[in-house]
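Quick notes on the structure that follows.
Every value quoted in this text rests on a predicted model; they were computed, and no experiment measured them. In listed order, ligands and their atoms are each counted from 1.
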Amino acid sequence: MLTHRNANIALFVILGTLLLVQYQWHSIPWWLFVLLPLPYVSLVAWGACTIESNFFMPVVCAADTTEKVVAITFDDGPQLKHTPQILDILQQQQVPAAFFCIGKNIPDNEVLLQRIHEDGHVIGNHSYSHHFWFDMFGAKQMLAELKSVDDTVENVIGKRPRLFRPPYGVTNPNLRRAVQRGKYIPVGWNIRSLDTIAKQPEEVLQRITPFIKPGAVILLHDSMEVTLQALPALIAHIRKEGYRIERIDKLLNIPAYA
Ligand SMILES: [Zn+2]
């Protein structure tokens, strides 16, 4: 399996072999030693940015099923601008979803968080700050952030989230350590709507509907107007294709709370 550990072993073996050959026969051109790290660095960058790669840590991104069932997930809330209307649509359509909340959005939005919970949706952890440099933090700082989200959520709904979605979908060794220490279950997606850059709801739909398959996990953002606009048509399309929408913890058969 292509993991960070295996890539390190491969790099070590290749470098060792080259050094041995160089020592024996002096036949390796110097530029090979300069170029060798490039594919390694590209591989590590790909692994960090591709949540489905499981390169740094196992992340559940879809269910292994042949049943026509999918899960809808929203990141980056709760916030007053669009989350209430998204909840209204989900309520009307009787769709259960997951909300991976940013901790700093919760103060002043406790009522909204409570509603997410009472409406039957699951609340996940999406870091406290969602800081642009979150991936540069040490494991200790990451874990402190995750725990402060749990504390904040627990103060409102009385439960501590176990599902964690990495900010920006980026993983690295520090995050792996934080997740292991905090006993979180990292959850990704296998359909990325790119709704944060879409201009029209049709664009969001076009990026999702061709990829719907059994066990899929769809990534949306309740911070986006375009997502709100696309949601009714998305739910209708999923159902027209004969799919059921299931809450992510049930779809993946994992515990949502500690
Ligand atoms: Zn996010």
Side-chain angles (χ1 to χ4, degrees), residues 45 47-57 59-62 71-87 90 97-109 112-113 116 121-137 139 141-150 152-153 161-172 174-176 178-179 182 184-199 203-204 207-208 216-231 234 247-249 252 256:
C49 298
T50 312
I51 199 156
E52 291 173 75
S53 69
N54 289 321
F55 188 75
F56 287 105
M57 56 200 242
V59 181
V60 205
C61 293
I72 294 181
T73 66
F74 296 92
D75 285 10
D76 294 359
Q79 46 85 22
L80 276 176
K81 205 165 178 202
H82 304 305
T83 310
Q85 288 160 284
I86 284 177
L87 286 170
L90 296 174
F99 288 79
F100 288 91
C101 297
I102 298 175
K104 69 174 182 184
N105 290 352
I106 296 173
D108 300 330
N109 283 323
L112 195 48
L113 191 80
I116 294 174
H121 308 297
V122 68
I123 293 166
N125 190 325
H126 193 41
S127 84
Y128 197 89
S129 67
H130 205 283
H131 197 282
F132 184 76
W133 298 112
F134 180 82
D135 302 297
M136 299 297 161
F137 291 179
Q141 193 179 357
M142 285 175 171
L143 184 58
E145 271 222 16
L146 302 195
K147 285 200 177 298
S148 68
V149 178
D150 296 345
T152 314
V153 171
R162 273 200 77 188
L163 309 185
F164 165 65
R165 178 165 278 163
Y168 313 105
V170 173
T171 55
N172 63 36
N174 284 342
L175 190 63
R176 185 189 64 229
V179 161
Y184 293 98
I185 302 171
V187 176
W189 59 82
N190 66 346
I191 301 180
R192 185 172 211 166
S193 62
L194 295 177
D195 55 348
T196 50
I197 53 167
K199 301 264 183 295
E203 286 173 58
V204 177
R207 283 176 181 136
I208 300 173
V217 175
I218 301 165
L219 167 65
L220 295 162
H221 294 82
D222 52 320
S223 49
M224 303 306 296
E225 170 88 24
V226 81
T227 308
L228 170 65
Q229 292 166 342
L231 191 57
L234 176 64
R247 217 172 74 170
I248 196 163
D249 52 319
L252 301 173

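- Sorted by chain and number, the protein atoms of type N, O or S within less than 2.8 Å of the Zn ion (ligand 1) are D76 OD1, H126 NE2, H130 NE2.
- Ring pair F137/H131 is tilted by interplanar angle, where 30° to 60° counts as tilted.
- Distance check, rounded to the nearest 0.5 Å: CZ of R192 to CD of E52 gives 10.0 Å.
- V153 is not listed as a side-chain neighbour of N125, based on a closest heavy-atom distance of 4.5 Å or more.
- Remark: D195 CG to L219 CG distance equals 6.5 Å, nearest 0.5 Å.
- To the nearest 0.5 Å, atoms CZ (R176) and CE (M142) are separated by 11.5 Å.
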Take F74 and L90 through the side chain to side chain contact (heavy atoms under 4.5 Å, CB included) test and state the conclusion after the steps. CA-CA 12 Å; F74 296 92; L90 296 174; 3.9 Å; yes
